[in-house]
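For reference, the structure is listed below as structure tokens.
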Amino acid sequence: MESTPTSDPALLEKVTNLAKRRGFIFQSAEIYGGFRSTYDYGPLGVNMLRNVKQAWWRTMVQGRTDVVGLDAAILGPPAVWAASGHLETFTDPLVDCKKCKERWREDKIDGVCPNCGSTEFTEPRAFNLMFKTQAGPVEGDGATAYLRPETAQGMFTNFANVLATTRKRPPFGIAQIGKSFRNEITPQNFVFRTREFEQMEMEYFVAPVEADEWYRYWVQARYDWYLDLGIPEQSLRLHEHAPEDLSHYSRATTDVEFAFPWGWDELEGIANRGDYDLTQHSNASGTKLEYFDQATGERYTPYVIEPAAGATRAMMAFLLAAYHEDVVEGESRTVLRLDWRLAPHQVAVLPLSKKPELESVSREVLAALQPHFMCDYDVTQSIGRRYRRQDEVGTPYCVTVDFDTLEDRAVTVRDRDTTAQVRVAIDDLLTTIRTRSGTS
Ligand code: ATP
């Protein structure tokens, strides 16, 4: 596989171990031997995943006037998935190795069984990736429901509702973050490809003549989002699909790719879907999904530009990019250089000792910071070890309360990246941390 700036085969294992050891990501149902390809997000992971989603929401919804949010149902009737094309075409080609009997996705194995090296496979079969279930106590066709394999269809089926209730007009977008489910044949690489995952998708509705321009706009905007949150430029690239590789609904697609330890791979896809989705749902439901422009008297079916990202996959990329080992004060340490906005805790408050008088002022400091930042509070072990523990999970600032604090009402603020320490009055602490992190 093509080498990348972070093609360190050991990196995946290091980050996976750290994620488990420090409570970012656990194997699901581990006490029962685990459930393949499902993961639970632990005390630190849940904070970080929320931060990834929050950063996306801030950029895509909060910071704009042309995008609104949505939270649609996960369960859906077959009619939606028939119209979208998922019932018929949302399949992967499945093959079985004739020698070791392992099952693979044909387009991912380069003709050789990754398990035993055999080149003999069964004929490919189309395997539908949707999870099918029953809604209600009655079995049969009328009760069939599907878990959504993407969040996008909720935006299309609510297009008319959103138009009618928000007074938006093209160009405008509908954004959603939520769980999606795909019965992946070969889930792999930790949380890169799992059967249950979270997506962050936005459908941007535009006049057909403006579609190409907006497509290019969103490709650049989405690339910039990852850069801004700390993925280095050399670990990020854009990959435009050749016309023969496009999905049936797509007029153009560009992937934002990250240099994963196994090679370049997709973080997000930005597609110009034309009027495919709205036309399909108009025809199948009998509800016209069009826009009538009163100014021009023109009626048209908007084109859709879709930036579709994975929240859990993005979190993994942010962890990989942040992982560093360096030496400070003659001691080696592991440090996650996570962007301030993504770190599970922004601040750790550390009383130098467990003495009650120190704990009481430390609690006071903590109470002043908690309304503004996600804080950790740690009283055990030596201060050096506590700093290392915070470095390892990416906490940007440690605030140490010592015996001098009782006299001068000041604390020591230590910076994760430089390890530099400054003395700050408790009264100035909030402003100091805000200024240093650029959040003031
Ligand atoms: P692939 O070809 O890798 O299966 P895709 O191109 O079908 O993925 P999309 O349908 O475009 O993926 O989904 C948009 C985004 O959702 C992906 O870029 C990825 O970040 C995320 N995603 C898709 N499938 C999974 C999965 N099984 N596990 C985790 N994230 C996923």
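When a ligand or atom number is given, it counts from 1 through the structure's own listing order.
Note on Asp326 versus Arg333: salt bridge recorded, some NZ/NE/NH1/NH2 to OD/OE distance being below 4.0 Å. Between Arg341 and Asp228, at least one side-chain N (NZ, or NE/NH1/NH2) sits under 4.0 Å from a carboxylate O, which counts as a salt bridge. Residues Glu184 and Lys108 are not paired through a salt bridge, judged by the lack of any N-O separation under 4.0 Å between the basic side chain and the carboxylate.
A 6.0 Å sphere centred on CZ of Phe35 holds no more than 12 heavy atoms belonging to other residues, nucleotides or ligands.
The closest protein non-hydrogen atom to atom 30 (N) of ligand 1 is Phe197 CD1, 3.5 Å. The nearest heavy-atom contact from the protein to atom 21 (C) of ligand 1 is Gly310 CA, 3.7 Å. At the top of the distance list for atom 5 (P) of ligand 1, counting protein heavy atoms only, stands Arg182 NH1, 3.9 Å. What sits closest to atom 1 (P) of ligand 1 on the protein, heavy atoms only, is Arg193 NH1, 3.5 Å. Here the heavy atom of the protein found nearest to atom 28 (N) of ligand 1 is Thr194 N, 3.0 Å. For atom 16 (O) of ligand 1, the closest non-hydrogen atom on the protein side is Gln199 NE2, 3.1 Å. Protein heavy atom nearest atom 2 (O) of ligand 1, with residue, atom name and distance: Arg105 NH2, 3.9 Å. In terms of protein heavy atoms, atom 29 (C) of ligand 1 is closest to Phe192 O, 3.1 Å.
Relative ring orientation between Trp262 and Phe260 is described as parallel, the plane-to-plane angle staying below 30° on a 0-90° scale split at 30° and 60°. The aromatic rings of Tyr276 and Tyr249 are tilted relative to each other, their planes meeting at an angle between 30° and 60°.
At a 4.0 Å heavy-atom cut-off, ligand 1 touches Leu267 through the backbone alone. Using a 4.0 Å cut-off between heavy atoms, Glu184 contacts ligand 1 through its side chain alone, with no backbone atom that close. Under 4.0 angstrom from ligand 1, there are no non-hydrogen atoms of His241.
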| Step-by-step side chain to side chain contact (heavy atoms under 4.5 Å, CB included) determination, Asp255 to Leu238 | CA-CA 6 Å; Asp255 291 343; Leu238 292 173; over 6 Å; no
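Annotation: cation-pi geometry satisfied between Arg222 and Trp225 (NZ/CZ under 6.0 angstrom from ring centroid, within 45° of ring axis). In this structure, Arg414 forms a cation-pi arrangement with Tyr387, its terminal cationic atom sitting closer than 6.0 Å to the ring centre and no more than 45° off the ring axis.
Ligand-side atoms of ligand 1 in range of Ala308: 14 (C), 15 (C), 18 (O), range being under 4.0 angstrom from any heavy atom.
For Glu266, the closest heavy-atom approach to ligand 1 falls below 4.0 Å.
Looking at ligand 1, you won't find any N or O of Thr312 less than 3.5 Å from one of its N or O atoms.
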